[in-house]
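Heads up: the structure comes next, in structure tokens.
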Number of protein chains: 2
Amino acid sequence: MRGVEDGETTGRSARDRMTAAAFSLFAERGFDSTTIEDITRLAGVGRTTFFRTFGSKEDVVFPDHEDLLARIEARLAASGPDSTWVALGDAAAIVLEQYLGEGEVARLRYGLTSVVPALREREIASAQRYRLVFKRFLRDLLGDTPRDALRADLIAAAIVTAHNHVLLRWLRGETSTPQKDLTTALGAVTEAFGGTSSEDEGTTVVVLRSGQGIETLLPRLRSALSDSPD
Amino acid sequence: MRGVEDGETTGRSARDRMTAAAFSLFAERGFDSTTIEDITRLAGVGRTTFFRTFGSKEDVVFPDHEDLLARIEARLAASGPDSTWVALGDAAAIVLEQYLGEGEVARLRYGLTSVVPALREREIASAQRYRLVFKRFLRDLLGDTPRDALRADLIAAAIVTAHNHVLLRWLRGETSTPQKDLTTALGAVTEAFGGTSSEDEGTTVVVLRSGQGIETLLPRLRSALSDSPD
DNA sequence: TAGAAAATGATACGGAGTATCAACTTCTGT
DNA sequence: ACAGAAGTTGATACTCCGTATCATTTTCTA
């Protein structure tokens, strides 16, 4: 890293060069000790160009969420009446794949957000945007009562939590099967919130108590439910 | 608000005076257009004092979370083996009461965080700290498997989401019974995650299906469970 | 190829935040 | 009560981020 060579300049956008320079310098000397001047000097651009490309110093660290948010909104919009949970799961998987695809950059970002408070806040707040997309989708689906609003909020939060739980384990190197882990985690969400969904047909739950053992009761229960009870 | 009068100076700490001056000026001209110089001039202190008292401009807006976090940690630590959900609910209620007690300041803060991105990020990130307290408590309680870790994360997120759902409705003036609403919201969380808890004693769930109506089946089920079945 | 349009860089500036030192106030021991 | 130590506060200089403006360079079009 001695500066910019002519071959590199013509092959990469200023944005990419600044991003690469930034991450390289952050890794070497930390976020707070790296100035914009440092970054732009290494990238071979003017400081003004930096602020034309990124809104702020923090913005260079984070991906462009707009594209990703639009993609999951499209996936959710394409869901049918019986595929709500599938759509939610697919949307979460789209987000996860984006991070997995970033690979080392995602890990570098994680390292930075772990030690720089402003970056951590930015990261945490970005998860909120995804949660709001899920929540709005569920609000449209469920209805307008306060109970529906709460339910939408809880499910959206659970999906984002499950996703981030898996992502964090991957970023920390604690799992090498993140896709499978996400399926499992979303299964737990479905179990918690899907089980009492009104999509089930004709299930009635009766609660009766008995002090007798299940092995005594089971044949009798089967008999009671048969078409010709003994 | 013409500046500081002597009587006021001796009766209030510099911190209180700066906080009051800040909120007053933020309401009048907005967060970004209010400078530290404006605030300290109105409060009758030096600019250096501001930064000795608050780490940054944003810090003047937010409450001191440390005390509150310590209180809910103490409440959680005081829970017994059979009162997990009660403790979690009490801890959430402690947080809500703190905000309700702030009254108009909480509403002013909400207005500010709604329009200033940096403040919103700070607010969102502060909720994370409460979530981590709940999560650690649950982690200690549940165990060490990946499934336990996920469950702790999901429950913690659900409690914070329920709390914030209620708080936001209150801040927006959409409810005048926030304590009652919180109980209801936490009930939904318990319903989602509490039902399969291993704390229940001796309940066995048997799932059998029948095409007959419940009014036909109920007498037979009662009979099957009685001590002397017909 | 000339001119228009777009992109880029240099420069000045304001404001948040940091560091240092001077000045002031409070506390302590005799 | 007073001198000196300790603690607090304010003034000042500075860095860095971010904004605005204008000059210069590059790219595009007819």
Side-chain angles (χ1 to χ4, degrees), chain A residues 3-23 25-26 28-62 112-113 115-122 125, chain B residues 3-26 28-62 112-113 115-123 125:
Chain A
V4 184
E5 297 179 358
D6 283 350
E8 286 187 46
T9 307
T10 53
R12 305 172 72 187
S13 71
R15 181 187 191 108
D16 288 348
R17 296 201 315 277
M18 286 187 281
T19 302
F23 272 97
L25 290 166
F26 294 155
E28 179 185 323
R29 62 181 76 163
F31 181 82
D32 289 329
S33 300
T34 302
T35 65
I36 304 294
E37 185 77 42
D38 295 334
I39 295 169
T40 53
R41 192 184 308 117
L42 184 57
V45 298
R47 190 162 159 282
T48 310
T49 299
F50 182 91
F51 287 108
R52 285 214 180 87
T53 307
F54 305 100
S56 67
K57 188 179 174 183
E58 283 81 23
D59 284 353
V60 73
V61 177
F62 295 97
L112 289 172
T113 58
V115 298
V116 184
L119 295 182
R120 179 159 58 237
E121 286 175 6
R122 181 67 69 89
Chain B
V4 183
E5 297 178 0
D6 282 351
E8 285 187 45
T9 306
T10 52
R12 303 171 74 188
S13 71
R15 182 187 191 106
D16 288 347
R17 296 199 318 275
M18 287 187 281
T19 302
F23 273 97
S24 171
L25 291 165
F26 295 155
E28 179 186 325
R29 62 182 74 163
F31 181 81
D32 288 331
S33 299
T34 302
T35 66
I36 303 294
E37 184 75 42
D38 295 333
I39 295 168
T40 53
R41 191 186 310 117
L42 184 57
V45 298
R47 190 162 160 283
T48 311
T49 299
F50 182 92
F51 287 108
R52 286 212 181 88
T53 309
F54 305 100
S56 66
K57 188 178 173 184
E58 284 80 23
D59 285 353
V60 73
V61 176
F62 295 98
L112 289 172
T113 58
V115 299
V116 183
L119 294 181
R120 180 159 57 238
E121 286 174 6
R122 181 69 69 90
E123 179 74 75

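Note that this is a predicted model, so its numbers are computed, not measured. Every chain is numbered from 1, with letters handed out A, B, ... down the list of sequences.
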Checklist line | Interatomic distance, Arg17(B) CZ vs dG10(D) C1' [rounded to whole Å] | finding: 14 Å
Check: When you check the side-chain N and O atoms of Thr35(A) and Asp38(A), is any donor under 3.5 Å from an acceptor?
Finding: yes
Notebook entry, point to check: Over how many whole Å does the gap from Phe54(B) atom CZ to dG17(C) atom P extend?
Noted result: 12 Å
Enumerate the protein-to-nucleotides 8-12 of chain C contacts in which both atoms are nitrogen or oxygen and the separation is below 3.5 Å.
from    : atom 1 : to       : atom 2 : distance (Å)
dG9(C)  : OP1    : Gly46(A) : N      : 3.3
dG9(C)  : OP2    : Gly46(A) : N      : 2.8
dG9(C)  : OP2    : Thr49(A) : OG1    : 2.1
dG9(C)  : N7     : Arg52(A) : NH1    : 3.4
dG9(C)  : O6     : Arg52(A) : NH2    : 2.8
dA10(C) : N7     : Thr48(A) : OG1    : 3.2
dA10(C) : N6     : Thr48(A) : OG1    : 3.0

Check: Is any side-chain heavy atom of Thr34(A) closer than 4.5 Å to a side-chain heavy atom of Ile39(A)?
Finding: yes
Note to self: Quick check: do Phe54(A) and Ile36(A) have side-chain heavy atoms less than 4.5 Å from each other?
What the structure shows: no
Next item on the list: Kindly indicate whether the side chain of Phe23(A), heavy atoms from C-beta on, has any atom under 4.5 Å from the side chain of Val60(A).
Entry: no
Next item on the list: Using whole Å, report how far CZ of Arg41(B) lies from P of dT9(D).
Entry: 20 Å
Notebook entry, point to check: Just how far, in rounded Å, is C1' of dC17(D) from NZ of Lys57(B)?
Noted result: 14 Å
Checklist line | Interatomic distance where CE belongs to Met18(B) and C1' belongs to dG10(D) [whole Å] | finding: 13 Å
Next item on the list: Write down the distance between CG (Asp59(B)) and C1' (dA16(C)), rounded to a whole number of angstrom.
Entry: 12 Å
Check: With distance as the sole test, does Ser24(B) use its side chain to make a donor-acceptor pair with the main-chain N or O of Ala20(B) at under 3.5 Å?
Finding: no
Next item on the list: Please check if the side chain of Asp59(B) supplies one atom and the backbone of Gly55(B) the other of a donor-acceptor pair under 3.5 Å.
Entry: yes
Check: Which parts of residues 29-38 of chain A get close to DNA chain D, meaning a heavy atom less than 4.0 angstrom away?
Finding: Thr34(A), Thr35(A), Ile36(A)
Note to self: Please find the pair of heavy atoms, one from Arg120(B) and one from Val115(B), that lie closest to each other, and give the distance.
What the structure shows: NH1-N, 4.2 Å
Next item on the list: Report the distance from atom CD1 of Ile39(B) to atom P of dG10(D), rounded to the nearest whole Å.
Entry: 15 Å
Next item on the list: Kindly compute the distance separating CZ (Phe31(A)) from CD (Glu58(A)), expressed to the nearest 0.5 Å.
Entry: 4.5 Å
